[in-house]
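Worksheet: one structure, shown below.
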Protein chains: 2
Amino acid sequence: MAESLPTSMQTVQRIATILRCFTEAESDLGVMQISRQTGLHKSTTSRLLSALRQEGFVEKSAETGKYRLGLSLVNLAGVVLEKQNLRQAAQEYLKSLAEITQETINISILDGDECINIETVRSPKSIRYAGQLGRRTPLHCTSTGKVLLTYMRPEQRQRILSLPLHAYTQNTITDPISLRVAFADVCEKGYAISNEEFEEGLVAVASPIYDRSGEVIAALSISGPTYRMDSNTRAEFVTPLTDAAQMISRQLGYVVSY
Amino acid sequence: MAESLPTSMQTVQRIATILRCFTEAESDLGVMQISRQTGLHKSTTSRLLSALRQEGFVEKSAETGKYRLGLSLVNLAGVVLEKQNLRQAAQEYLKSLAEITQETINISILDGDECINIETVRSPKSIRYAGQLGRRTPLHCTSTGKVLLTYMRPEQRQRILSLPLHAYTQNTITDPISLRVAFADVCEKGYAISNEEFEEGLVAVASPIYDRSGEVIAALSISGPTYRMDSNTRAEFVTPLTDAAQMISRQLGYVVSY
DNA sequence: AACACTGTTTCACTTATCGCAACACCCAAT
DNA sequence: ATTGGGTGTTGCGATAAGTGAAACAGTGTT
């Protein structure tokens, strides 16, 4: 039953390394920048980028001559997202939740040892959590991550908790035992909180989304700045949040059994 | 000044070919299916998929053993989309436009000789245009495409119109001269219509979005089934549509000069 | 049980890719 | 203008990386 480690290929690895150089902060990169960052020879880098360009995975700015990620990626991602009928089921509930809370709403699913945002509605306010589609965040210190951890298969959770848990802020819980207490809390209350555990000034609450088989497949969250997400406000948000999560779950065929 | 054709690489081409096999309709594929579709040897296909899996570009279903596109693509696409501050500027106007029209709203930008959806809000109705993020559509027979063509650099438009224009439906305009008349009409009225020119039963109206430099960089559209998008309804939609497009343009720094 | 089918892996071959080096280019400073 | 430090692209021979045939291991069907 041991999963055979998939065989890799040099070129695929290199492509991945190159593409991952591009971030929101550094979205336009030159050949040399990428070459240095990846350790690849500059001619190799140049040719790989050129080939990637041909396929639309990157684009080249006409003015600066720098490369950036291309729209073919959006095209492919669209296929992935379309498959998540979760997103479609969620749409209307997200809208109303966004309306009520005026904060940023996210849906995250598990992706390896992290969670990844597959749907985002941003708060209309100028100070807001800038949820980003496709963004990966850690599990142990985010509201969505805690939800996913709580309902995860025990052996998988065990494995993740045994990894070194990075302390992003002073509030980050890095002690597995305290985390287990938190999970029990999530189970009981039906929602998780991250109180500046991932980023200073950022508070979020999240609730699980179930599919028809009763598995937790995603987490729905409300994220905002600490000063707007005080305990009173959070208390107000909990019902709409859990309601929305429940409605979405029902859309997916989940039936409350008892 | 002649753009040198970018050099390609076999592996990159193959990767692209493989990834493009996956569609909404055929989202889960086995090695043999892909092998047949691409003409690649099955061992090659198997190894490439295995390597792509290692990088998260594809995933492998534990039950069926089939492959599907992976979340790393969403991750990368997120970076691309984040760069489009257009999407952020548009958000609130999209919401209200969706509210008013109850039809599917899209924002498309130019991508080579096609347009690509970078933002989609779906109609709440069950019969609706299923706009899909990242979906590519032709230019000459869609409302957004016509808008983009209308305001495109003349030589580029010339080139595209000189290509064979596929007749998707009986209504598709494939004659460059008639199309030019249509462009003049778009210029004058400030919006474009596609009346079942791309798909039977699908009608859409679109209006241009300008950036601070006064260039048309995107098109905003309302799409719905013919029976709901009759000429009266379309007339009602035009003002909200052009208003929204204008507001978004302003958000991007566009100033109406005269 | 034999069969048809899929997906993975081994292995010797060969070709696609690499890294060097040379080149072309841009700009800033002399 | 001339040099110099930087970038990005491209020939070329060497070679390592990827290939395809075939064998193997599963899975389900008749």
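So that the names make sense, note that chain A is the first sequence line, chain B the second, and so on, each numbered from 1.
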Problem - Earlier contact from the 5' end, DNA chain C, for B:S8 and B:K66 - result: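 Taking each residue's closest nucleotide, the earlier one in sequence belongs to B:K66.
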Problem - Contact check, side chains of A:L49 and A:V31, non-hydrogen atoms, under 4.5 Å - result: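 SC-SC contact between A:L49 and A:V31 confirmed.
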Problem - A:I105 and A:E119, any side-chain heavy atoms less than 4.5 Å apart - result: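 A side-chain contact is absent here, since even the closest heavy-atom pair is not under 4.5 Å.
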Handout entry: Residues forming a salt bridge (charged side-chain N to carboxylate O under 4.0 Å, His left out) with A:R135, sequence neighbours excluded
Key =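 Counting only residues at least two positions away or on another chain, A:R135 forms no salt bridge (charged side-chain N to carboxylate O under 4.0 Å, His left out).
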Practice task
Name all residues meeting the ring-ring contact (aromatic ring centres under 6.0 Å, His included) criterion together with B:H166; count only those two or more places apart in sequence or in a different chain, and write none if there are none.
Solution key: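 So B:H166 forms a ring-ring contact (aromatic ring centres under 6.0 Å, His included) with B:Y168.
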Can you tell me the distance, in whole Å, between the [atom1] atom of [X] and the [atom2] atom of [N]?
X     : N      : atom1 : atom2 : answer
A:M32 : C:dC27 : CE    : P     : 18 Å
A:I15 : C:dA16 : CD1   : P     : 16 Å
B:L49 : D:dG18 : CG    : P     : 15 Å
B:R53 : C:dG7  : CZ    : P     : 13 Å

Handout entry: Side-chain N or O of B:R36 closer than 4.0 Å to phosphate OP1/OP2 of C:dT6
Key =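 Yes, such a contact exists.
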Exercise for the section: Output yes when at least one side-chain N/O atom of B:Y67 is less than 4.0 Å from OP1 or OP2 of C:dT8, else no. Expected result: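 So the side chain of B:Y67 is within the cut-off, an N or O lying under 4.0 Å from OP1 or OP2 of C:dT8.
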Exercise for the section: Quick one: do A:S72 and B:R136 satisfy side chain to side chain donor-acceptor pair (under 3.5 Å)? Show the steps, please. Expected result: CA-CA 10 Å; A:S72 281; B:R136 292 208 180 89; 3.2 Å; yes
Practice task
Decide yes or no on salt bridge (Lys or Arg N to Asp or Glu O under 4.0 Å) for A:R122 and B:E82, but give the supporting numbers first.
Solution key: CA-CA 12 Å; A:R122 283 203 183 78; B:E82 206 56 23; 2.8 Å; yes
Practice task
Kindly calculate the angle separating the two end axes of the helix from C:dA1-D:dT30 to C:dT30-D:dA1, each obtained from five base pairs, and round it to 10 degrees.
Solution key: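 Axis-to-axis angle, ends of the helix: 30°.
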Exercise for the section: Residues of residues 17-25 of chain A with any non-hydrogen atom less than 4.0 angstrom from an atom of DNA chain C: list those, numerically ordered, please. Expected result: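 None, since no heavy atom is under 4.0 Å.
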Completion exercise
Nucleotide by nucleotide, nucleotides 19-30 of chain D touches protein heavy atoms under 4.0 Å in the pattern (B base, S sugar-phosphate only, - none) BBB---------
Exercise for the section: Would you kindly compare A:V12 and A:Q33 by the position of their nearest DNA chain D nucleotide and give the one closer to the 5′ end? Expected result: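 The residue mapped nearer the 5' terminus is A:Q33.
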Problem - N/O donor-acceptor pair under 3.5 Å between A:D211 side chain and A:G214 backbone - result: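 Yes; at least one donor-acceptor contact below 3.5 Å.
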Practice task
Without swapping roles, check the side chain of B:S249 against the backbone of B:I209 for a donor-acceptor pair under 3.5 Å.
Solution key: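 Pair absent, no side-chain N/O of B:S249 close to backbone of B:I209.
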Practice task
Might you work through the salt bridge (Lys or Arg N to Asp or Glu O under 4.0 Å) test for A:E59 and A:R68, ending with a clear yes or no?
Solution key: CA-CA 5 Å; A:E59 294 169 1; A:R68 71 182 56 169; 5.1 Å; no
Practice task
Measure the spacing between CD of A:Q88 and CG of A:L81 and express it to the nearest 0.5 Å.
Solution key: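 Output value for this atom pair is 10.5 Å.
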Do any side-chain atoms of residues 11-19 of chain A form donor-acceptor pairs under 3.5 angstrom with protein atoms, and if so which ones, sequence neighbours left out?
residue	atom	partner	partner atom	Å
A:T17	OG1	A:Q13	O	2.6

